[in-house]
Amino acid sequence: SFTTGSQDISFSVFTKRESGFSDTASLVSLAGGVSNTLNDVIQIRYDGSNIESRYWDGSTWNYVEGPTMTAGEWYHASAVFDSSSNTLEFFVNGTSQGTVSNGDMLSGGDSVFVSASSFFAGEVEQGQSSDVNAFTGNIDEVKIWNRQLSSTEVTNLKQTNTVDGE
């Protein structure tokens with residue numbers, strides 16, 4: 001796990017879903033809260049059709065939807081959190097899909113978890129077992145930074161899997 005406070009954070013993943021998989025599933029989740037209650041969650045996930053990023057502020061899910069995820073095709077997804085504006089920007093294959101904002105995201109004590117079909121460590125269930133599904137496909141090159149990546153760095157990640165200084 002990776003603990004944050006009120007700071008910038010970025011994470012990315014390469015992913016490919018298998019044919020026939022149409023459940024919703026978390027690919028990478030940043031989750032935290034107090035007393036085992038998840039108050040803040042940021043995810044890159046598959047929604048049964050599209051790859052998307054979303055956050056839970058303790059009462060509402062807010063989404064940035066990406067493209068339809070074609071079975072057997074690799075996608076690179078990045079979520080970039082700017083703590084100064086409390087804004088999450090979502091990128092797919094190096095292209096911004098949009099932003100969402102919240103006045104109280106990532107207030108502190110949050111941890112990053114990774115989920116895949118071979119283990120359940122990253123399944124964020126929000127108290128509802130129906131929200132927990134194992135992803136059927138590939139998850140590769142999960143990376144986490146304690147800073148905000150620039151759009152150029154996100155594009156470089158898609159092309160070369162590196163950012164400056166790595």
Side-chain angles (χ1 to χ4, degrees), residues 1-17 24-33 38-47 50-57 61-67 69 74-102 104-126 131-135 137-166:
S1 72
F2 175 90
T3 303
T4 73
S6 294
Q7 69 181 42
D8 295 342
I9 188 165
S10 303
F11 53 100
S12 71
V13 61
F14 282 89
T15 186
K16 175 175 68 170
R17 77 171 179 87
T24 61
S26 173
L27 301 171
V28 180
S29 296
L30 170 72
L38 295 178
N39 297 321
D40 302 305
V41 179
I42 296 176
Q43 295 180 326
I44 297 174
R45 71 189 285 263
Y46 175 66
D47 74 357
N50 296 45
I51 190 168
E52 67 183 12
S53 186
R54 68 180 188 166
Y55 74 84
W56 172 260
D57 63 11
W61 282 110
N62 299 275
Y63 297 84
V64 178
E65 190 170 277
M69 221 175 146
W74 281 98
Y75 293 83
H76 177 260
S78 295
V80 178
F81 175 68
D82 177 352
S83 63
S84 65
S85 64
N86 278 318
T87 302
L88 177 70
E89 186 168 11
F90 181 50
F91 296 84
V92 176
N93 295 332
T95 302
S96 178
Q97 304 299 301
T99 61
V100 290
S101 297
N102 181 343
D104 192 28
M105 273 198 290
L106 303 184
S107 56
D110 302 321
S111 298
V112 171
F113 302 96
V114 178
S115 67
S117 59
S118 61
F119 60 95
F120 294 94
E123 304 298 340
V124 178
E125 61 181 89
Q126 290 298 316
D131 286 348
V132 180
N133 292 307
F135 180 69
N138 299 87
I139 295 175
D140 197 13
E141 299 293 333
V142 175
K143 294 187 177 192
I144 303 160
W145 295 264
N146 62 351
R147 65 183 183 86
Q148 182 181 350
L149 294 181
S150 70
S151 59
T152 300
E153 288 175 314
V154 171
T155 300
N156 287 344
L157 273 173
K158 162 58 173 120
Q159 295 171 351
T160 65
N161 201 25
T162 62
V163 294
D164 295 336
E166 278 193 336

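Please read all numbers here as calculations on a predicted model, not as lab measurements. Worth knowing before you read on, the calculation uses all heavy atoms, side chains too, and leaves out hydrogens, waters and symmetry mates.
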inquiry  = side chain to side chain contact (heavy atoms under 4.5 Å, CB included) for Ser12 and Glu141? Distances and angles first, verdict last.
reply    = CA-CA 8 Å; Ser12 71; Glu141 299 293 333; over 6 Å; no

Give the minimum heavy-atom separation between [X] and [Y], together with the two atoms involved.
{"X": "Leu88", "Y": "Ser53", "value": "CD2-OG, 3.4 Å"}
{"X": "Leu157", "Y": "Ser78", "value": "CD1-OG, 4.3 Å"}
{"X": "Leu149", "Y": "Ser10", "value": "N-OG, 3.0 Å"}
{"X": "Gly66", "Y": "Asn50", "value": "O-ND2, 2.8 Å"}

side-chain contact (heavy atoms from CB on, under 4.5 Å) partners for [X], two or more places apart:
{"X": "Thr152", "result": "Ser150, Asn156"}
{"X": "Asp140", "result": "Phe14, Trp74"}
{"X": "Thr15", "result": "Leu27, Ile51, Met69, Tyr75, Phe135, Ile139"}

request  = Would you give the length of the straight line joining atom CH2 of Trp145 to atom CD of Glu153, rounded to the nearest 0.5 angstrom?
outcome  =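 CD of Glu153 is found 8.5 Å from CH2 of Trp145.
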
inquiry  = Within this structure, what is the CG-CZ distance for the pair Asn146 and Phe11, rounded to the nearest 0.5 Å?
reply    =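 It comes to 13.5 Å.
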
query = In chain order, what residues pass the ring-ring contact (aromatic ring centres under 6.0 Å, His included) check against Phe90, with sequence neighbours excluded?
reply =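 In terms of ring-ring contact (aromatic ring centres under 6.0 Å, His included), with neighbours along the sequence ignored, Phe90 is linked to no residue.
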
key: Any residue meeting side chain to side chain donor-acceptor pair (under 3.5 Å) with Glu52, in chain and number order, not counting sequence neighbours   =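 Partners of Glu52 under the side chain to side chain donor-acceptor pair (under 3.5 Å) test: Arg45.
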
ask   = Taking only residues two or more places apart in sequence or in another chain, which ones pass side chain to side chain donor-acceptor pair (under 3.5 Å) with Gln97?
value =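 So Gln97 forms no side chain to side chain donor-acceptor pair (under 3.5 Å) with any residue.
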
Member of Asn62, Asp82, Thr87 meeting the side chain to side chain contact (heavy atoms under 4.5 Å, CB included) criterion with Ser101 =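 Answer after filtering Asn62, Asp82, Thr87: Thr87.
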
ask   = Between Asp47 and Arg54, is any pair of side-chain heavy atoms under 4.5 Å apart?
value =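 A side-chain contact is absent here, since even the closest heavy-atom pair is not under 4.5 Å.
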
